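For reference, the structure discussed in these notes is given below.
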Amino acid sequence: MAKNNNNVPAGRRKGMKLGTRNTLVGLSFIAPNFIGFFIFILIPVAFSFVLSFMKWDGFTEMTFVGLDNFVKIFKDQYFVQALGRTLYYAVFAVTLTTFAALGLAVLVNKGIKAVGFFRSSIFFPYVASTVAVGAVWRQLFMKDYGPINAFLQLIGIENPPGWLASSKWALPAVIIVTVWKSMGYFMIVYLGALQNIPQELEEASALDGASKFQHFWRITFPMLAPSTFFVVLMNIINSFKAFDLIWVLTEGGPGQATTLMVNYIYNNGFNTTTPKYGIASAAAMVLFAIVAIITIVQFRVEKRTSN
Amino acid sequence: MIEKRSPMRKVLIYIALIVITVVTLLPLVWMLSASLKLDKDVFSVPIQWIPKNPEWANYSKIWEKINFGLYTFNSVKLTVIITLIQVLTSSFAAYGFAKCKFKGRDTLFLAYVATIAIPWQVYMLPQFIEMRMLGLTNSHLGYILMQSFIALGVFLMRQAYMSIPDELLEAARIDGLNEYGIFFRIILPLSGPSLATLTIFSFTTIWNDFMGPMIYFSPDRLKTIQLGIRLFMGQYSSEFGLIMAASVVALVPVAIMFLFFQRYFVQGVATTGLKG
């Protein structure tokens, strides 16, 4: 289109239809980003669907295998276990993070002094480098001389767990670090919502003789429902995307003890000399389906509540 | 009524908050403290939170043992370039989507919105394969291209521009400003807070990114600071003090940003919540 316009004499160009002109101006704004977005994001997204129906190792010919990859991963105990472990991780990480975030937000919102200090301190781990904090927690969790076990022994626990070195305790340890790192983020989300709840409600409850505790569970908590919904769903999605922190803490081990969904994709697609791109992509599609369902539910519910 | 709350209650709230905050910060205090200790003293009991003879040499050793200077340089370079490209092209595109009227605009924008909901982990493999076909893996360029055009930036800036009234732009048009003039003279100056939020979000994400560089950079000369710490942990696993010193260095830029621009970090929570 641009080429055509260059051939048009200046006089005619002025008379160019307003619609065309607007389109060109609009596209000129969008193009620098859109070209990159199209090539490096949209094409890979489309490619990921295609790849999940293919058998390919990156070297030999790509062959179409239909739903074979999906059948295979659900027969693969490593995948099924990774999925199960992700669910276990999600259930605990989501529940603990949500309660911690809510509790912290309520405490911080009590009209105390130095709110900023408490809020920032609790939020900071969220923005801190995952590798750096992973490195710290590895030391804290050390079996024999780590400070956590030293503390546990001090309070009388004789055989403290091996944490990251034990296949039984590695995932709980990972969950603890996850909650520590993300609770501040969701506390801020809750704080935003709490500030929109009028203080008069508490006064009214007090006049009616309700205790603070009753007021919280009967009035505040229901009013926070949209935020809780958002926090829980965001947390579930984050759980399914989890990789960096776990990789730094355990590399998915010991054995497969902390190998979750993304780790399974990584193992089949990258971390091997015989990559199975189809298998990795099928697993990625399962991940996508889970996240998509959650997102759609979120959209629907949010739409309904805003109407 | 609110003021009449018993002082006892208030004291309890403070105590609870202080305990929680201290426990939350303890790992970071450990990091700082251990970074100034000899390896043999890191785990000595009782814990010496403030080392008597701080081992400042740890901070010079990390630059000698591995290519830490190079990794830091790479991190700075990638973070600055990607943040610049992302902020510039996103705000530009966002203006097109928010304030220019043309056919197909909403369809194009829908493509952006749709990909926000798709986690990167879903398409990281095909993206990597594409980059390899283009000969861009094992180069900084490939990583820059994959990180610079995420949809979130466009989405965030568009939200900001939508709140700027059209009448203002109409007045400027009557005064003879063209669309580019409007963008640079009116829109950009008005969207400072959103620009800051996006800049900080992009800076933190790229600086802290681990999986992207891990996949894209195998040669040592390309590695970033986050990969450097990982390398350190692998090669010198018992040099506890040095690992912590390296971690502190990796943490400092974001910590400084956080100290000065907290407001925008907090604002980022509200807007990036959509990232999903």
Side-chain angles (χ1 to χ4, degrees), chain A residues 22-23 25-26 29-30 32-34 36-37 40-45 47-48 51 107 110 112 118 120-122 124-125 127-133 135-137 139-140 145 147 150 180 185 188-189 192 199 203 206 234 237 241 243-244 248 262 265 269-270 277 280-281 284 287-288 291 295, chain B residues 1-2 13-14 16-17 21 24-25 27 30-31 34 43 45 47 89-90 92-93 95-96 100-103 105 108 111 115 117-119 121-123 125-127 130 145-146 148-149 151 154 179 204 208 210-211 215 226 229-230 233 240 243 247 250-251 254 258 262 265-266 269-270 273 276:
Chain A
N22 281 345
T23 306
V25 172
F29 274 104
I30 290 166
N33 191 278
F34 188 77
F37 173 73
F40 302 112
I41 311 276
L42 272 189
I43 290 181
V45 166
F47 193 20
S48 66
L51 216 49
L107 278 180
K110 287 280 182 198
I112 48 157
F118 291 119
S120 306
S121 307
I122 296 165
F124 184 70
V127 297
S129 148
T130 305
V131 184
V133 300
V136 181
W137 281 96
Q139 295 190 359
L140 299 181
Y145 16 69
W180 171 79
Y185 178 91
I188 305 259
V189 173
Q199 291 275 322
E203 293 170 38
M234 273 275 292
I237 292 178
K241 297 196 308 192
F243 178 83
D244 287 19
V248 177
V262 175
I265 299 173
F270 296 97
Y277 290 153
S281 298
L287 174 67
F288 172 65
V291 173
T295 310
Chain B
M1 277 290 168
I2 305 287
I13 290 174
Y14 274 110
L17 267 177
T21 308
T24 307
L25 290 181
W30 170 278
M31 181 192 273
F43 295 108
V45 191
I47 301 169
T89 65
S90 302
F92 223 55
Y95 183 76
C100 298
K101 289 186 183 72
F102 59 91
K103 239 194 199 161
R105 181 189 72 172
L108 284 186
T115 62
I118 304 176
Q121 288 85 348
V122 168
Y123 59 89
L125 179 61
Q127 189 182 43
E130 183 191 318
L145 290 172
M146 82 158 221
S148 293
F149 304 104
V154 177
E179 297 299 312
T204 332
N208 288 341
F210 173 66
M211 198 178 187
I215 293 170
Q226 311 296 341
I229 302 173
R230 259 303 290 182
M233 286 160 71
F240 305 111
I243 293 172
S247 300
L251 206 71
V254 172
F258 185 71
Q262 264 180 58
F265 277 94
V266 173
V269 175

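Since the model is a prediction, treat every value here as computed from it, not as a measurement.
- If you measure heavy-atom distances from B:Leu17 to chain A, the contacts under 4.5 Å come from both the backbone and the side chain.
- Only the side chain of B:Phe258 comes within contact range of chain A, with at least one heavy atom under 4.5 Å from a heavy atom of that chain.
- Both the backbone and the side chain of B:Leu125 come within contact range of chain A, each with at least one heavy atom under 4.5 Å from a heavy atom of that chain.
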Assess the residue pair B:Thr89 and A:Phe37 against the criterion (side-chain contact (heavy atoms from CB on, under 4.5 Å)); give the C-alpha distance rounded to whole Å, side-chain angles, the decisive distance to 0.1 Å, and a yes or no.
CA-CA 10 Å; B:Thr89 65; A:Phe37 173 73; over 6 Å; no
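- Both the backbone and the side chain of B:Leu145 come within less than 4.5 Å of a heavy atom of chain A.
- A donor-acceptor pair under 3.5 Å is formed between the side chain of B:Gln127 and the backbone N or O of A:Phe40.
- Ring-plane geometry between B:Tyr95 and A:Phe29 is classed as tilted, the angle between the planes lying from 30 to 60 degrees on a 0 to 90 degree scale.
- For chain A, the nearby part of B:Met146 is the backbone; its heavy atoms alone come within less than 4.5 Å.
- Heavy atoms of A:Phe243 lying under 4.5 Å from chain B belong exclusively to its side chain.
- Among A:Ile30, A:Leu107, A:Ile122, the residue making the largest number of heavy-atom pairs under 4.5 Å with chain B is A:Ile30.
- Between B:Phe240 and A:Tyr145, the ring-plane angle classifies as perpendicular under the 30° and 60° cut-offs.
- Only the side chain of B:Gln262 comes within less than 4.5 Å of a heavy atom in chain A; its backbone stays farther off.
- Side-chain atoms of B:Asn208 come within 3.5 Å of backbone N or O of A:Val127 as a donor-acceptor pair.
- Contact annotation for A:Pro125: only side-chain heavy atoms (C-beta onward) come within less than 4.5 Å of a heavy atom of chain B.
- Both the backbone and the side chain of B:Ser90 have a heavy atom closer than 4.5 Å to some heavy atom of chain A.
- Only the side chain of A:Leu42 comes within contact range of chain B, judged by heavy atoms closer than 4.5 Å.
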